[in-house]
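What follows is one structure encoded as structure tokens, with my remarks underneath.
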Amino acid sequence: MTIRILGFLIVAFAFTAAAFNSSAHGQTLDELCTSEQCHDLVKGFERYAQHGNTHSMVFLALAYANGEVVEQDHRKASMWIRESVRLRSPLGAYVKAQWRRQGFVFEQDEERAEWLIDRAIAGGFSVAMYDRAVRFLHDPERMQEGADLLEEAADLGLPDARYLFALLLEHGEVYEQDLVIAGLLYRELAVEGFRDSRQRLEAVITQVERSSAEDVQAVVAQLRAYDDMEVITVYGRYGSFDDHLAAINASVRDRFYQKPTGTRMRRARPCEDTVGCRVLFNRDWGDVAVTTLAGALGLPNGM
């Protein structure tokens with residue numbers, strides 16, 4: 001996976017055809033964002049980043065790192081991703097870890113990358129859990145740690161983790177074979193249309209039917225419940241990329257934009273009549289664990 005694709009995939013969920021009626025799949029932000037209004041909206045995220053929104057910080061870091069929509073500037077990319085990590089963003093820690101691994105924006109440093117992955121996992125970021133689980137599963141000495149992380153990521157709903165967990169259960173690798181649990185996981189993923197889950201579910205059902213278990217028919221009926229489910233595809237109400245980006249911008253503005261604080265403290269809230277001046281971020285709170293910028297902003301289909 002190239003560095004540009006990595007950066008785009010982390011943020012792109014906020015700007016895909018699943019969220020607005022367009023053929024945006026596979027397009028870069030530069031290809032989608034062509035109007036002056038769109039560029040102004042993208043640059044406006046800096047205001048929200050200045051007021052402590054870590055997901056806007058990561059958005060800016062990726063934009064500057066890859067030179068998409070804004071002019072490429074690794075110094076600014078470095079500044080914003082560092083700031084997101086300082087404010088304990090799991091997403092920011094994970095992105096920076098990838099950059100450290102590949103020597104992009106920062107010097108390559110595997111040890112530092114692993115420390116950042118630790119931060120992302122501690123913050124509940126399922127993608128980081130899956131990342132490390134896959135690597136540990138290839139190491140006989142750390143396989144159990146990998147299995148535990150994979151299950152945790154699957155429990156948090158990450159489709160890739162649920163799929164791999166089901167695959168391992170189906171074949172009895174790492175875990176003891178459990179066709180029923182594997183089938184139930186495939187059934188959930190099939191409803192979402194994830195990869196070849198539908199085909200894998202049918203393969204599991206065939207294996208169950210050939211088994212000698214006493215409750216075969218009941219299990220098969222449970223797994224085939226997928227056939228009675230209606231899959232509904234929902235399209236958003238935004239007709240263009242600019243409209244959708246404007247809605248994102250407004251959402252962040254309403255939640256994070258504040259009047260000048262009257263203080264020299266970075267990322268501080270304005271003074272309020274009842275509570276006085278206070279710092280926006282409390283290190284004991286941590287960030288909300290989400291997997292996409294869309295999820296952080298409360299957008300349709302955001303995770």
Side-chain angles (χ1 to χ4, degrees), residues 1-17 19-20 22-87 89-109 112-113 116 238 240-253 255-258 260 266-267 280 292-297 299 302:
M1 180 179 291
T2 66
I3 293 169
R4 174 175 291 274
I5 293 174
L6 171 68
F8 179 69
L9 287 178
I10 295 291
V11 176
F13 286 90
F15 311 105
T16 61
F20 62 100
S22 171
S23 57
H25 289 296
Q27 293 179 279
T28 66
L29 293 181
D30 278 333
E31 292 170 330
L32 289 169
C33 189
T34 57
S35 69
E36 183 177 348
Q37 177 193 17
C38 180
H39 281 254
D40 288 342
L41 287 168
V42 171
K43 293 177 182 177
F45 280 105
E46 187 159 354
R47 294 198 302 274
Y48 317 132
Q50 290 287 1
H51 284 81
N53 179 221
T54 58
H55 296 280
S56 292
M57 294 175 189
V58 177
F59 175 90
L60 289 171
L62 291 166
Y64 281 119
N66 293 319
E68 292 188 278
V69 183
V70 296
E71 185 176 350
Q72 188 175 50
D73 188 329
H74 283 188
R75 183 187 63 80
K76 289 184 178 179
S78 170
M79 184 271 288
W80 280 120
I81 205 67
R82 287 176 187 271
E83 189 69 352
S84 73
V85 174
R86 183 181 74 83
L87 296 181
S89 163
L91 176 60
Y94 184 72
V95 171
K96 189 177 179 182
Q98 304 313 302
W99 290 355
R100 280 292 192 184
R101 280 178 177 172
Q102 300 181 45
F104 180 63
V105 179
F106 301 94
E107 290 185 9
Q108 190 172 30
D109 188 332
R112 187 66 174 175
L116 289 162
Y238 307 112
S240 71
F241 178 72
D242 283 13
D243 290 342
H244 188 64
L245 191 61
I248 298 172
N249 199 282
S251 174
V252 184
R253 180 183 64 243
R255 294 173 58 189
F256 294 99
Y257 185 63
Q258 304 285 350
R266 290 188 301 165
R267 325 282 185 248
L280 175 65
T292 68
L293 180 61
L297 304 182
L299 295 171

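Every heavy atom of this structure was used, including side-chain atoms; hydrogens, water molecules and symmetry mates were not.
Taken to the nearest 0.5 Å, the CZ atom of Arg47 stands 12.5 Å off from the CG atom of Asn53. Taking CG of Asp73 as the start and CG of Leu60 as the end, the distance is 11.5 Å to the nearest 0.5 Å. Separating the CE atom in Met79 from the CZ atom in Arg86 is a distance of 11.0 Å, to the nearest 0.5 Å.
When all heavy atoms of Ala77 and Trp99 are compared, the pair lying nearest together is O-CZ3, 4.2 Å. Listed here is the closest heavy atom pair of Ser84 and Gly92: OG-CA, 3.4 Å. Between Leu87 and Gly52 the shortest heavy-atom distance is CD1-O, 4.3 Å. Taking both residues in full, the closest heavy atoms of Phe106 and Ser78 are given as CE2-OG, 3.2 Å, listed atom of the first, atom of the second, then distance. The two atoms that bring Glu71 and Tyr64 nearest to each other are O-CD2, 3.5 Å, heavy atoms only.
Shown here are the salt bridge (Lys or Arg N to Asp or Glu O under 4.0 Å) partners of Arg100, two or more places apart in sequence or in another chain: there are none. Arg112 is linked by a side-chain hydrogen bond (donor to acceptor under 3.5 Å, both in side chains) to nothing, counting only residues two or more places apart in sequence or in another chain.
Classification of the Phe104-His74 ring pair by plane angle, with boundaries at 30° and 60°, yields perpendicular.
Side chains of Leu116 and Val85 form a contact here, defined as non-hydrogen atoms less than 4.5 Å apart. Using a 4.5 Å heavy-atom cutoff, the side chains of Phe59 and Leu91 are not in contact. At least one side-chain heavy atom of Thr54 sits under 4.5 Å from a side-chain heavy atom of Met57.
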